[in-house]
Every structure is written in C-alpha cells, then in structure tokens.
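Keep in mind that what you see is a predicted model, and the values were worked out from it rather than measured.
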Amino acid sequence: MSAGEQRERKPRADVQRNRATLLETAQRHFLRHGVGTSLEAVAKEAGVGPGTLYRHFPTREALLAAVLQTRSKEFAVRQVAVEQLGDPAEALEQWLRAMEEYLSAFSGLPEPLMAAARAQEPDNPLTIPCDTLITATDQYVRAAQLAGHVRASVQGYDLFLAACSVAWIKGTGAEGEALDRLRMLIASGYRQQDTPA
C-alpha cells in the first residue's frame, strides 16, 4: 500500500464508533450537567478510557465544539426560515431569538463562547463557531441598517454578545416577562430611533 493510500484510509470502524459514542454521551452530560460536566464521567459512560476521549478531543473546548457541530443542522434549518422573512428588522429579531436558543442549549455554554469570541485564538476550537455566528449576525444587522431599522454604530459582534448574555441569564432560571423585558431593552438600544418631523 502506498503512502498516499495510507493517508486517505478511513479511520477504523472502532475509532469512528468510539468518537460517535463519545459525542452522544457528551451531549447527554452537557444537557444534564452543563458544559462543566466531568469529562472522566463522559468517558466512563461511553465505555472508553480518558486517554481515548483525549485522543479524539484534546480539550473540553474541542469536545464542546464537536457536540455543537452535531446540533448545527437544526440551527441551520431555523436560519433558512429566518432568511425567508421579507422584513430585515423582523429577520434580525428572529435571528437573535434563534441564536439565543442555540446558545442556551447547555447550562454554562455562553461563557466559553464569549471567551472564545473575545480572545480570537486560532487554536481554540470554539473560535470558528463564534466567528460563524458573528458573521451571520453582522449580515442581518447590515440588512436592517440599510432598511433604516438599526443604528449605524451597531455591529454583529455587539448583538452576538447580547444574545449570549440573554442565554446566560436564561440559564440562571429567568423566564417569561423578565426575559421579554430584557429583550425589549436590548432592542431599544440597537433600533434606529425615529427622527422628529
């Protein structure tokens, strides 16, 4: 077998199976215990040793990024629905709501994402998901700005952080009217004010 053929070989079936099992188990643990869950407990429930977990996912951020990737299809469907909206202001509002729900999937998720967005470290696996969300948010912001609905000074990064903040507060148990008031305060901050006649 040539070196090229060896490089192109697919991972062994047991390696693929271990990775899939680790992702499924990690998602359950993140849902149950938040992103700070014990990685050793994840490995144990998945039926592998900690060394196997760390070979697949060298850091907690790498595991979290991989789990988020498995959940991205559902989020992508939501984004397609948002893109069908004809009103840029409504599209931005619905996008922020979709992002808020995505970011509150696991308790404690907003913190490592905000840290990755601030640090912009290329070797942090969470930087890419953050960049993707910020870029998409910026596109919705610019469309709403062109339509005269959003202040010129507002950037996608600002509203990404706002959505992270709402998701974090949601994770503390706040709900209903308290969250609606917070969303209203954020919206009043980014919306373009009507100029007096």
Side chain [X], main chain [Y], donor-acceptor under 3.5 Å:
X: Gln145; Y: Arg151; value: yes
X: Ser104; Y: Glu101; value: yes
X: Gln94; Y: Ala81; value: no
X: Thr172; Y: Ile169; value: yes

Considering only heavy atoms from C-beta outward, does the side chain of [X] approach that of [Y] to under 4.5 Å?
X: Leu103; Y: Val166; result: no
X: Arg183; Y: Arg97; result: yes
X: Leu96; Y: Ile186; result: no
X: Arg78; Y: Glu74; result: no
X: Leu39; Y: Arg60; result: yes
X: Asp158; Y: Val141; result: no

Minimum heavy-atom distance between [X] and [Y], given as atom pair plus value:
X: Leu23; Y: Ala66; answer: CD2-CB, 3.5 Å
X: Cys130; Y: Ala116; answer: SG-CB, 4.1 Å
X: Ser38; Y: Ala41; answer: OG-N, 3.0 Å
X: Pro112; Y: Val35; answer: CG-CG2, 4.4 Å
X: Met99; Y: Leu133; answer: SD-CB, 4.0 Å
X: Val67; Y: Ala26; answer: CG2-CB, 3.9 Å

Could you tell me the separation between the [atom1] atom of [X] and the [atom2] atom of [Y], rounded to the nearest 0.5 Å?
X: Gln69; Y: Ile128; atom1: CD; atom2: CD1; value: 9.5 Å
X: Gln27; Y: Leu63; atom1: CD; atom2: CG; value: 10.5 Å
X: Arg19; Y: Thr52; atom1: CZ; atom2: OG1; value: 13.5 Å
X: Glu45; Y: Leu22; atom1: CD; atom2: CG; value: 10.5 Å
X: Leu126; Y: Thr59; atom1: CG; atom2: OG1; value: 7.5 Å
X: Arg181; Y: Met184; atom1: CZ; atom2: CE; value: 8.0 Å

Report, as yes or no, whether the 6.0 Å neighbourhood of atom [atom1] on [X] holds more than 12 heavy atoms from other residues, nucleotides or ligands.
X: Arg142; atom1: CZ; answer: no
X: Leu31; atom1: CG; answer: yes
X: Glu40; atom1: CD; answer: yes

Is there a side chain to side chain contact (heavy atoms under 4.5 Å, CB included) between Leu161 and Met114 once you walk through the steps? CA-CA 7 Å; Leu161 291 179; Met114 285 191 288; 4.0 Å; yes
State yes or no: do Leu179 and Tyr190 share one hydrophobic cluster built from I, L, V, M, F, W and Y residues joined by side-chain heavy-atom distances below 4.5 Å, directly or via other members? yes
Decide side chain to side chain contact (heavy atoms under 4.5 Å, CB included) for Leu113 and Leu64; before the verdict, give the C-alpha distance in whole Å, the side-chain angles of both, and the deciding distance to 0.1 Å. CA-CA 10 Å; Leu113 290 176; Leu64 185 54; 5.9 Å; no
Residue pair Leu68, Leu109: steps toward the side chain to side chain contact (heavy atoms under 4.5 Å, CB included) verdict: CA-CA 10 Å; Leu68 287 174; Leu109 177 58; 3.9 Å; yes
Strictly by ring pair (Phe, Tyr, Trp, His ring centres under 6.0 Å), give each pair with a member in [range] just once, sequence neighbours left out.
range: residues 31-58; result: His29-His33
range: residues 96-137; result: Phe30-Phe106, Phe75-Tyr102
range: residues 129-172; result: Trp95-Tyr140

Does Val48 form a side chain to side chain contact (heavy atoms under 4.5 Å, CB included) with Thr21? I'd like the steps, not just the answer. CA-CA 9 Å; Val48 300; Thr21 302; over 6 Å; no
